[in-house]
Structures are given as structure tokens and as C-alpha cells.
There are 4 protein chains.
Amino acid sequence: MSTSTARSPRWERRKESRPAELLAAALELFVERGYAATRLEEVAARAGVSKGTLYLYFGSKEDLFKAVVRDTIVPLIDKLRRGAEQSPLASAELLRVFLADWWEHFGASRLGGLAKLIVAEAGNFPEVARFFHDEVIAPHSEVLVSIIERGIERGEFAPVDPRVAAHLWIAPLALKAIWTHSMDALSPPELRVAPERLLRTHIDFVLAALRPDAAATGARR
Amino acid sequence: MSTSTARSPRWERRKESRPAELLAAALELFVERGYAATRLEEVAARAGVSKGTLYLYFGSKEDLFKAVVRDTIVPLIDKLRRGAEQSPLASAELLRVFLADWWEHFGASRLGGLAKLIVAEAGNFPEVARFFHDEVIAPHSEVLVSIIERGIERGEFAPVDPRVAAHLWIAPLALKAIWTHSMDALSPPELRVAPERLLRTHIDFVLAALRPDAAATGARR
Amino acid sequence: MSTSTARSPRWERRKESRPAELLAAALELFVERGYAATRLEEVAARAGVSKGTLYLYFGSKEDLFKAVVRDTIVPLIDKLRRGAEQSPLASAELLRVFLADWWEHFGASRLGGLAKLIVAEAGNFPEVARFFHDEVIAPHSEVLVSIIERGIERGEFAPVDPRVAAHLWIAPLALKAIWTHSMDALSPPELRVAPERLLRTHIDFVLAALRPDAAATGARR
Amino acid sequence: MSTSTARSPRWERRKESRPAELLAAALELFVERGYAATRLEEVAARAGVSKGTLYLYFGSKEDLFKAVVRDTIVPLIDKLRRGAEQSPLASAELLRVFLADWWEHFGASRLGGLAKLIVAEAGNFPEVARFFHDEVIAPHSEVLVSIIERGIERGEFAPVDPRVAAHLWIAPLALKAIWTHSMDALSPPELRVAPERLLRTHIDFVLAALRPDAAATGARR
DNA sequence: GATGAATGAGTCTTCATTCAT
DNA sequence: TATGAATGAAGACTCATTCAT
């Protein structure tokens with residue numbers, strides 16, 4: 001009843017961090033359970049607030065979902081833009097760096113979980129899937145394609161179809177990233193292929209396949 | 001009292017075909033929307049029956065889901081068992097056939113949709129995911145590993161780590177299969193990489209990477 | 001396909017007995033589980049026919065319920081009418097016989113279960129309850145009241161209020177009958193009061209209470 | 001935009017009183033209609049809340065049912081424990097008080113309805129019936145038996161079988177209590193036996209039957 | 001007549017969303 | 001702002017009833 005100004009703070013957290021905490025909790029749960037099976041009450045609880053508070057920051061479950069996607073993707077887009085543009089490196093080295101970076105920033109990050117989530121919900125949320133496609137997949141693909149094209153133009157790479165090759169080069173990493181958030185939990189850890197090893201071997205194969213003297217004739221355009 | 005003696009019957013008795021029709025409808029919807037977002041009434045409607053009829057054949061939504069998984073997987077398992085065992089072919093040819101077969105029977109079939117579904121629901125249905133893992137993924141992986149091992153032993157392939165290579169060789173096809181049932185709907189058809197082309201190029205790369213004289217030194221074991 | 005007249009009978013039971021078998025099965029289940037919790041499919045199964053057949057004989061679940069009540073009650077009504085009318089016996093003896101008969105024909109029969117059923121469903125089926133009241137309870141009460149009145153008139157019984165006494169004299173037997181079909185299943189048999197003993201003791205008490213010289217002053221009218 | 005600033009609130013926050021209101025509504029309806037025929041929406045409506053609110057306080061229909069039973073019984077158990085222990089009264093007086101109290105606190109209270117309900121649902125909810133048996137019936141029976149035993153030991157009562165007598169002494173009141181909640185609604189009020197009169201007469205009869213000089217020889221043990 | 005496959009109205013239950021406090 | 005009690009639309013599931021065979 002006292003209106004004393006010296007009462008101890010009832011809420012510890014700073015309100016500015018609320019949305020971020022909610023988004024983090026929501027990302028975890030959406031990835032773990034899928035969109036429909038995630039209950040907002042649980043998101044709120046994991047973020048340490050009440051159900052009603054969530055609605056102060058996000059208008060609906062769908063809003064929250066989209067915010068999670070945007071929030072997770074956007075910084076990665078920025079990272080992408082800055083990386084690997086005009087580089088003095090040899091194309092082979094550029095490609096090696098691209099794949100290693102991709103794994104570090106995307107595969108090994110929470111983006112793998114997000115990818116699984118979006119793949120699963122693409123039918124129910126086409127706009128979200130399109131956003132992901134336009135903002136993440138397409139730009140990545142373009143960078144990769146342009147590296148391959150540059151290498152071919154300079155005679156550093158064998159003449160392959162860049163778009164096909166781009167899919168082939170990224171697929172093992174992308175699948176591994178998705179897998180980590182679903183099926184991998186079912187294999188005992190000692191049987192799983194270690195990502196670093198997969199990455200290293202994959203890069204070697206890719207560069208071997210692209211060597212200008214490689215005889216992979218069917219891949220020539 | 002009757003206004004017509006030739007009215008069409010309100011329904012037909014088709015005990016034999018009902019389960020298959022329901023399973024087909026359910027597979028479509030589960031793949032399209034995911035487990036939670038699929039309404040049983042809609043499954044029934046798509047199969048041309050009423051809600052109650054579905055319950056004559058499947059005890060619950062979860063039962064239906066598991067039946068769909070089992071029903072889709074089992075014939076493929078049989079197909080798998082029969083394929084690619086003791087073959088007189090050269091290992092390179094064997095591998096080429098394996099990948100082409102895999103795409104034909106698995107990637108291009110409804111299994112792609114099922115894989116997406118299971119990847120998405122692994123967290124909610126660990127038993128189903130395990131079933132898929134044990135009955136589909138593991139056997140496939142073993143066959144592929146054994147082909148690679150055979151090739152290495154005979155000196156037909158370069159000495160790579162077979163389990164790592166197996167992941168690398170199957171990933172582009174698996175991801176394409178999953179993709180077909182989610183993100184692909186978002187790209188205009190003319191921009192999508194045609195599966196046949198992807199397959200052909202991929203096989204060429206794989207065989208190039210495995211050539212005993214290939215210089216992919218990092219992949220040696 | 002052959003229309004031979006010598007084929008073995010597909011249905012063993014005679015159709016005339018079907019309704020009785022259905023009623024018997026229904027009585028058992030209604031008593032055991034109550035009206036709502038009894039499924040018609042189970043009634044049919046217990047009677048050895050299919051669900052559809054039940055509807056050849058009874059138009060609805062409610063119809064079946066009412067038929068069960070009527071069918072169980074009616075023969076007892078007839079028995080009642082014939083019993084204990086003009087008898088040369090002493091009133092005490094008449095009362096003793098009435099109570100013993102009541103227990104034998106009503107309490108110890110399936111009527112106890114029916115009573116429990118009707119008591120339970122009186123709110124949902126007032127017509128059924130009224131039927132039971134008018135055809136069973138009221139006539140019994142009247143007979144009992146008339147015996148008591150006769151005894152009082154002849155100076156064989158102390159002057160009690162016959163309607164109150166009738167309730168008191170029948171209640172222990174009626175409750176025991178109801179109890180047998182519900183709570184009794186929960187006590188170990190050796191702890192239950194044996195009905196015969198209860199009956200004997202009760203009759204003794206009743207007759208003692210009615211002895212003209214009894215000093216139960218409060219019961220005088 | 002607002003057409004009025006004084007519209008009444010759509011609902012109130014009454015966390016404290018909700019459960020009790022819901023239990024009261026549920027007791028009424030369960031007694032009136034039985035377990036299965038009671039719809040939760042109607043319980044909620046009678047308590048002045050919506051269907052969903054009920055689930056904030058009770059996890060399921062069965063939970064609600066058990067809570068109703070527990071809630072109705074528990075205070076009566078406490079009342080029972082306090083009553084009729086070591087009393088300086090003569091045994092006849094003790095018994096008179098016990099029966100009068102029983103009627104006042106149990107027969108005339110909502111316990112009559114509960115007893116009907118439990119008798120009806122004993123087959124479907126054996127645990128509930130056992131709870132009722134152990135917590136209500138058995139303790140009452142014991143108190144009554146012990147009063148009768150005390151009376152016999154002191155020579156105040158004729159030597160009867162206490163367990164049989166206990167059933168006989170309580171049955172008319174118990175049946176009247178059950179009846180009040182089912183069949184009684186069918187008799188015109190002027191024909192029903194008034195409970196007070198029944199009680200008074202019954203007590204007189206009981207005490208007469210127990211008088212040491214009573215000649216109810218058959219009841220001797 | 002007999003069967004049991006098919007139907008769909010009726011209920012329980014969940015959970016996103018609102019709003020009094 | 002923050003809370004969490006209250007709401008009610010939506011969906012799984014049951015079972016009395018119908019009707020093609």
C-alpha cells in the first residue's frame with residue numbers, strides 16, 4: 001500500500017531486452033517442436049514473462065513466428081553481404097573460404113534449426129518461405145554461382161554449370177545442418193559424422209571436381 | 001412418397017479400398033501441412049468419406065500418422081532389399097546405378113515428402129523418426145558404404161572414408177527430394193534445377209572424385 | 001452361389017428369441033454401467049447379433065431402455081397382483097410372508113439392479129421413473145399399507161401410521177437390493193451382511209414393533 | 001469510436017470463488033443427470049463462466065467429478081469425527097441423537113444426492129465408490145455399531161447382532177435421502193412421507209426394538 | 001431378415017487471444 | 001506495463017442411427 005519510491009524492483013529485467021528474450025525462447029521452441037506444437041504460454045514461460053506480456057510485443061503467434069525468422073535471418077544477411085565480394089584470392093581459395101564460412105555462420109549456428117523449421121512450414125507459411133528464399137537462399141546461391149563463374153572465366157575451374165554445381169556444393173552442408181536439428185538426436189554421438197571432417201572432405205572433393213584438368217566430362221556445359 | 005426411384009446411393013461399401021485411400025489422402029496432407037495442421041476431417045473429405053469412417057480404420061490421428069509412415073516406407077524397404085546386392089558390375093557402374101535408382105525410387109517418389117515430414121516431426125515423434133532411421137536411412141547408408149568399400153578394396157576407388165563419402169554422395173539428392181516438397185514450390189519452374197540434370201552431374205562428380213588417381217588428398221584416410 | 005435348399009443354417013438362433021436375448025443383454029449392461037455408458041454395439045455383441053439387428057427390434061436406445069424396464073417389471077406386476085390378497089392368515093403371518101416374498105421375487109432378483117438404474121436415471125427419464133413408480137412402487141406400497149391397516153383394524157397390530165410404517169418396513173430390503181448392485185462389490189464378501197440374515201432379523205423387528213402391546217408411543221397415530 | 005464509456009465488463013476476475021461455484025454447479029447437475037449426461041458447458045454456464053474457465057480449475061470431467069465428491073464429503077467427515085464420541089448419555093439417547101444428527105447433516109444435506117450419484121456410478125468409478133465407502137459409509141457404520149455394542153454391554157439394549165442392526169437402523173433414512181433426489185419428484189408433495197415424521201417414528205421403533213425386554217427373539221445373537 | 005460399413009451430431013479438450021486488475 | 005483469469009473457436013473422438021449389400 002505504501003507508495004514509497006524505494007521499494008525493491010519487482011521486475012528485474014530491463015524491458016528493452018524483453019523482445020529479444022522472447023524471440024530467443026520462441027526460436028528454440030519452434031525449432032524443437034514445430035510451429036503448431038509450440039504453445040505461446042511456454043514461450044513466455046521460457047522467457048520468464050507471462051503470456052499477456054508476449055502480446056505487448058507481438059500481435060499474434062504468426063507475428064512472433066515471422067519476427068523470429070526475420071530476427072534470425074537479418075544479421076546473417078548483413079554478414080553475407082560484407083563477405084566474399086571483391087577478393088584478391090584465387091577462386092579455389094575463395095570457394096574454400098566461402099564453404100568454411102558458410103558452415104561456421106550458418107550450418108553450425110541456429111540457422112540450421114530455422115531452415116528445418118521453414119522447410120517444414122513452407123506449405124503453411126508461403127510468405128515466410130519466400131522471405132527465406134529471397135533473403136537467404138537466393139543471395140547465397142548467387143554468391144556461390146558468381147565465385148564459380150569467376151573461376152571458370154579465369155580458367156581456374158573446369159567449365160561446369162554454375163547453378164547445378166552450386167546446389168551440389170552446398171547440399172551436403174545444408175542437409176547436415178538440417179539433420180543436426182532432427183534425426184541426429186537419434187544416432188549415438190560416436191556414430192555421427194563429425195561436421196568438421198565432413199566439411200574438410202567436402203571441400204577437397206569440390207576443389208578436385210573443379211580442377212580444370214578434371215575429367216568429369218558429364219558436368220561440362 | 002418417393003420422388004424418384006433412381007436416386008444415387010448416399011454411400012458405398014468399400015471396405016477393401018478405404019484404408020489405402022485414406023492413407024493416400026493423409027500422406028498428401030501431412031506432407032503438405034505437417035502433422036498438427038492436418039485436420040482429420042479434411043483427410044476424410046479428400047478420401048471421399050466422412051470423419052467417422054476414418055475412425056473405423058485408424059484409432060487416432062497418431063495411429064494414422066504412423067500407418068502412413070509405415071505404409072509408405074515398407075514397400076520401399078522391400079525394394080531396397082532386392083536391389084544392388086551381389087553384382088558383377090564394376091564398382092563405378094554399381095555406384096552410378098545405385099544413385100540413379102535411389103533417385104528414381106526414393107527421391108522422385110513420395111518418399112521425399114515423407115522425409116520432409118519426418119525431419120519436421122522428429123522432435124514430436126521420436127519413435128517414428130527412429131523407425132525411419134532404422135528402416136530407411138541406415139540400410140541405405142550401409143549399402144552405399146559397402147559399395148564404396150568394395151570399390152576401394154578392388155582399387156577401383158580412391159581410398160576415402162566411406163561413411164563421410166556416403167553422406168556426401170547422397171546429400172544432394174536427399175536435399176533435392178526434401179526441397180521438392182517445400183521450397184521448390186516458390187521458385188518459378190524455369191529457375192529450378194532439373195532433377196535429371198542434377199543427378200547426372202552429381203554422378204559424374206562423384207565418380208571423378210573417386211577415381212583412384214584423383215588428387216583429392218584431403219579425403220584420403 | 002448355389003441356391004440349394006439344403007445348406008446349413010447360417011443363423012442358429014430362432015428369431016423369436018432375439019428380442020428376449022437383446023433385452024437380457026441390455027438389462028445386464030444398463031444395470032452395470034448406467035444408461036449413457038452402455039453402448040448399443042456391446043448390447044448387440046452380448047446378445048450375439050450385430051448392431052443393425054438390434055434396430056430391427058427396437059427403434060432407438062431409449063426404446064430399448066423402456067422395453068427393458070417394461071419387460072423386467074411386467075411379470076413382477078402380475079406376480080404381485082396374484083399374491084397376498086384375501087388371505088386367511090393372521091396379519092403378522094401375512095406380513096412375514098409379504099416381506100419374505102418381496103425379498104425373494106424383488107430384492108434377490110434382477111429388480112434390484114433395475115431399481116438402481118431407475119433411481120439413477122429418474123432425472124433423465126421421468127416417464128420411465130413414473131412408470132416404475134406407478135406400476136411397482138405404488139402397488140407394493142398399497143399392499144403393504146393394506147396389510148398393516150388390516151392388522152390394526154383387527155387389533156393384531158399396534159396403531160401406527162401405515163404409510164410411514166410401510167416405508168420403514170420396506171426400506172432395509174430395498175436399500176440392500178440397490179446396494180447389491182453397486183457398493184457391495186467393494187466390500188469383501190465376508191464383511192457383507194448376508195441377505196437372509198438381514199431379512200430374518202428385520203422381520204422379527206417389524207413384528208416386535210407392531211405387537212399391540214409395544215410401547216413405541218411416538219409411532220401411534 | 002466508443003459508443004459508451006460505461007458498458008459493463010465482459011467478465012470479472014474471481015479466482016477465489018470460481019472453484020466453489022463450479023463445484024456447486026457440478027454437484028447439482030451430476031446429481032440431477034448423472035455423470036455422463038452432464039455436459040461441462042452446462043456446468044460452466046450454471047456457474048456463470050465459460051467452458052474454458054472450468055478447465056483452469058479442473059483438468060478433466062473426471063477430475064471435476066472426483067473433486068465434487070471429495071469436496072462434498074470431506075467437511076462431512078470432519079463433522080462425523082467430532083460427533084458422538086465419549087458421551088455420558090444413556091445409550092438410547094445416544095442412538096436417538098445419532099440418528100437425528102445423521103438425518104440433519106447427511107440425509108437432509110446434499111449428501112443424499114451424492115449418495116444417489118455414487119450408487120449410480122459405482123460401476124464406472126470404482127475408486128470413487130471406494131473412497132465414499134471408506135470415508136463415509138464405513139466410519140458411520142462403525143460409530144453406529146459401537147453405540148449398539150455399548151448399549152448391549154451395559155444392558156441398555158437387547159443383544160442383537162450390531163452389524164445387522166446398524167444396517168436396519170440406517171436404511172430407512174438412507175433410502176429416504178436417495179429417494180428425495182430421484183423418485184420423490186414424481187409423487188405429489190402431499191403424498192410424500194414427511195422426513196421429520198419418518199425420522200421420529202423410525203427412532204421410536206428402533207428404541208422399542210432394542211429395549212432389553214423386547215421379545216424380538218430372532219434377533220438375539 | 002441380418003449385417004456392418006458409413007454417417008454426422010454431440011462432447012470433451014486445447015490454446016491463441018482478450019482484457020479486468 | 002505486466003499479469004493471468006477468462007474467453008470461445010477449433011479440432012479430436014465417440015457412438016446412436018442409417019442403409020447398401
Side-chain angles (χ1 to χ4, degrees), chain A residues 10-11 13 15 18 36-45 48-64, chain B residues 8-18 36-44 47-64, chain C residues 10-11 13 15 18 36-45 48-64, chain D residues 8-18 36-44 47-64:
Chain A
R10 257 180 76 200
W11 302 291
R13 294 182 213 288
K15 62 186 174 224
R18 282 278 160 69
T38 294
R39 286 178 305 120
L40 291 192
E41 185 150 25
E42 208 173 344
V43 172
V49 299
S50 77
K51 217 177 353 168
T53 301
L54 196 156
Y55 278 85
L56 296 175
Y57 296 101
F58 304 98
S60 70
K61 189 180 188 180
E62 195 169 331
D63 276 1
L64 175 65
Chain B
S8 69
R10 289 235 311 254
W11 41 262
E12 281 179 278
R13 244 179 136 88
R14 298 227 315 285
K15 187 187 179 162
E16 307 311 325
S17 49
R18 291 293 189 223
T38 295
R39 280 173 304 118
L40 290 193
E41 187 151 23
E42 204 171 349
V43 172
V49 299
S50 77
K51 211 180 356 166
T53 299
L54 197 154
Y55 281 89
L56 294 178
Y57 298 99
F58 305 97
S60 69
K61 188 178 187 179
E62 194 169 331
D63 274 3
L64 175 65
Chain C
R10 258 179 75 202
W11 303 292
R13 293 182 214 285
K15 61 186 174 224
R18 282 279 161 70
T38 294
R39 285 178 304 121
L40 291 192
E41 184 149 29
E42 208 172 344
V43 172
V49 300
S50 77
K51 218 176 354 167
T53 301
L54 196 155
Y55 278 84
L56 297 175
Y57 297 100
F58 304 97
S60 70
K61 188 180 188 181
E62 196 169 331
D63 276 1
L64 175 64
Chain D
S8 69
R10 289 232 313 252
W11 42 261
E12 280 180 279
R13 244 180 136 87
R14 297 228 314 286
K15 188 187 179 162
E16 308 311 324
S17 48
R18 291 292 190 225
T38 295
R39 281 175 301 121
L40 290 192
E41 186 149 25
E42 205 171 348
V43 172
V49 299
S50 77
K51 214 179 352 168
T53 299
L54 197 156
Y55 279 88
L56 294 177
Y57 299 100
F58 305 98
S60 69
K61 189 178 186 180
E62 193 169 332
D63 274 5
L64 175 65

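So you know, we letter chains A, B, ... as the sequences are listed, proteins then strands, and number each from 1. Nothing here was measured: the structure is a model prediction, and the numbers come from that model.
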### Message
Under 4.0 Å from OP1 or OP2 of E:dG8: is there any side-chain N or O of B:Lys51 that close?
### Response
no

### Query
Listed by chain and number, what are the salt bridge (charged side-chain N to carboxylate O under 4.0 Å, His left out) partners of A:Glu42, not counting sequence neighbours?
A:Arg33, A:Arg39

### Task
Could you pick out which residue, D:Glu12 or B:Glu62, lies toward the 5' side of DNA chain F when each is mapped onto its nearest nucleotide?
D:Glu12

### Task
Please report, rounded to the nearest Å, how far the P atom of E:dT3 is from the CG atom of C:Leu40.
15 Å

### Query
Sequence neighbours excluded, which residues qualify as salt bridge (charged side-chain N to carboxylate O under 4.0 Å, His left out) partners of D:Lys51?
none

### Proximity to DNA chain E (any heavy atom under 4.0 Å), residues of residues 53-60 of chain B only
B:Thr53, B:Leu56, B:Tyr57

## Note on the structure
Sorted by chain and residue number, the side-chain hydrogen bond (donor to acceptor under 3.5 Å, both in side chains) partners of B:Thr38 (sequence neighbours excluded) come out as none

### Which nucleotides of DNA chain F pair, in dot-bracket form (Watson-Crick or G-U under 3.5 Å, | meaning another strand)
.||||||||||||||||||||

### Task
Rounded to the nearest angstrom, tell me the gap between atom CG in C:Leu64 and atom C1' in F:dT17.
13 Å

### Comparing C:Lys61 and B:Thr38 on DNA chain F - which has the more 5′ nearest nucleotide
B:Thr38

### Message
List the residues meeting side-chain hydrogen bond (donor to acceptor under 3.5 Å, both in side chains) with A:Ser50, not counting sequence neighbours, and say none if there are none.
### Response
A:Thr53

### Task
Under the side chain to side chain contact (heavy atoms under 4.5 Å, CB included) rule, collect the residues that match up with B:Lys61, sequence neighbours excluded.
B:Phe30, B:Tyr35, B:Leu40

### C:Ser50 or B:Gly48, whichever maps to the more 5' nucleotide of DNA chain E
C:Ser50

### Message
So, taking the atom named CG in C:Asp63 and the one named OH in C:Tyr55, what distance separates them when rounded to the nearest 0.5 Å?
### Response
9.5 Å

### Query
In whole angstrom, what separates B:Trp11's CH2 from F:dC19's C1'?
5 Å

### Task
Tell me, please, which residues at least two apart from B:Glu12 pass side-chain hydrogen bond (donor to acceptor under 3.5 Å, both in side chains).
none

### Task
Sequence neighbours left out, what passes side-chain hydrogen bond (donor to acceptor under 3.5 Å, both in side chains) with B:Glu62? Give chain and number order.
B:Lys66

### Query
Roughly how many Å is it from CD in C:Glu41 to P in F:dA16, rounded to a whole number?
9 Å

### Integer-rounded Å distance: F:dA20 P and B:Arg18 CZ
13 Å

### Summary
5'-most contact on DNA chain E (nearest-nucleotide basis), A:Ala36 vs B:Gly52, goes to B:Gly52

